[in-house]
Amino acid sequence: MGVAVKRALTAVAVAVAAVVVPPAQASAEAEHDDGFVVWTTDRCGSVEFVDYGPGEPGSGGDDDYLVVRDHCDDGYEVKADGWLGWYWLRVKYVDGPAAGPVFWDPFVEHGGLYGGDRLGLTACQYDRDQAASGYLGFNCASDQRVLVDG
């Protein structure tokens, strides 16, 4: 087979491959923002799941973390906790708006988040003066989501 014929066949094969194999595209899942916010019932506290964001100030971008905020200067703390599937992610507290937001990444010890994971969050106001065994807080609200892309 001559060189000219080999080049022509190669050119045809490349052209056919370009038509048959579509260009790689980012999947819709990779572009899905799984983030959500749970507010206390009086909207004085919140816990936010950030799918991807700026992270803690000065630390650079971060994937999958929580931000706990106290929005009211009412003398109560905000308590946030979460669960991933059947695993409890522990608790974080914020004591008043002056304390600023608390950035929390409990997912590292679980190997990160993946599509299909169920993430649940609860936000409550919390009175340390009432903190007895079994005290959960008040004005609590919860939500859970099945993550599209983790």
Side-chain angles (χ1 to χ4, degrees), residues 10-11 13-150:
T10 302
V14 169
V16 169
V19 171
V20 174
V21 179
Q25 297 177 352
S27 72
E29 290 183 355
E31 296 175 1
H32 183 81
D33 181 3
D34 283 315
F36 65 101
V37 180
V38 176
W39 290 85
T40 58
T41 58
D42 63 354
R43 299 189 66 81
C44 276
S46 65
V47 57
E48 176 184 10
F49 168 63
V50 181
D51 192 12
Y52 186 82
E56 192 165 2
S59 69
D62 195 4
D63 186 35
D64 303 333
Y65 60 96
L66 302 174
V67 182
V68 184
R69 294 182 176 93
D70 189 338
H71 302 276
C72 298
D73 193 12
D74 56 7
Y76 299 115
E77 295 179 49
V78 171
K79 179 185 97 165
D81 66 338
W83 60 96
L84 181 58
W86 293 100
Y87 299 101
W88 182 55
L89 300 173
R90 293 187 265 142
V91 173
K92 285 290 179 188
Y93 297 91
V94 178
D95 190 10
V102 171
F103 292 80
W104 178 28
D105 189 352
F107 310 114
V108 173
E109 64 191 59
H110 296 281
L113 297 176
Y114 299 94
D117 283 347
R118 181 175 300 277
L119 174 63
L121 301 173
T122 298
C124 297
Q125 284 193 282
Y126 193 80
D127 183 354
R128 285 235 185 239
D129 294 336
Q130 301 298 317
S133 179
Y135 175 72
L136 299 175
F138 61 99
N139 292 335
C140 298
S142 297
D143 195 4
Q144 61 181 334
R145 307 280 171 92
V146 175
L147 304 178
V148 172
D149 63 357

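Test Phe49, Tyr52, Phe103 against Tyr65 for side chain to side chain contact (heavy atoms under 4.5 Å, CB included) and you get one pass: Phe103.
Aromatic ring centres of Tyr126 and Phe138: separated by at least 6.0 Å.
Residues Thr40 and Asp42 approach most closely at OG1-OD1, 2.7 Å, considering heavy atoms. Heavy atoms only, all atoms of each residue included: Cys140 and Thr41 are closest at O-CG2, 3.4 Å. Between Pro106 and Leu66 the shortest heavy-atom distance is CG-CD1, 4.0 Å. When all heavy atoms of Val37 and Ser46 are compared, the pair lying nearest together is CG1-CB, 4.0 Å.
Here the straight-line distance linking atom OH of Tyr76 with atom SG of Cys124 works out to 14.0 Å at 0.5 Å rounding. Leu147 CG to Asp117 CG: the interatomic distance, rounded to the nearest 0.5 Å, is 6.0 Å. A distance of 7.5 Å separates CZ in Arg128 from CG in Asp95, rounded to the nearest 0.5 Å. We find the CG-CG distance between Asp34 and Asp64 to be 8.0 Å, quoted to the nearest 0.5 Å. Note that SG of Cys72 is 10.0 Å distant from CZ of Arg43, once rounded to the nearest 0.5 Å. Here the straight-line distance linking atom CZ of Arg69 with atom CH2 of Trp39 works out to 8.0 Å at 0.5 Å rounding.
Between the side chains of Asp70 and Gln125, no donor-acceptor pair of N or O atoms lies under 3.5 Å.
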Side chain to side chain contact (heavy atoms under 4.5 Å, CB included) evaluation trace for Phe107 with Leu89: CA-CA 8 Å; Phe107 310 114; Leu89 300 173; 3.6 Å; yes

Before you tell me yes or no, could you show the steps for Val47 and Val67 under side chain to side chain contact (heavy atoms under 4.5 Å, CB included), namely the whole-Å CA-CA distance, both residues' side-chain angles and the distance that decides it to 0.1 Å? CA-CA 6 Å; Val47 57; Val67 182; over 6 Å; no

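In Tyr135, the OH atom is crowded: over 12 heavy atoms of neighbouring residues, nucleotides or ligands sit closer than 6.0 Å.
Taking the charged nitrogens against the carboxylate oxygens, Lys79 and Asp81 have no contact shorter than 4.0 Å, which rules out a salt bridge. A salt bridge links Glu109 and Arg90; the closest N-O separation between the charged side-chain nitrogens and carboxylate oxygens is under 4.0 Å.
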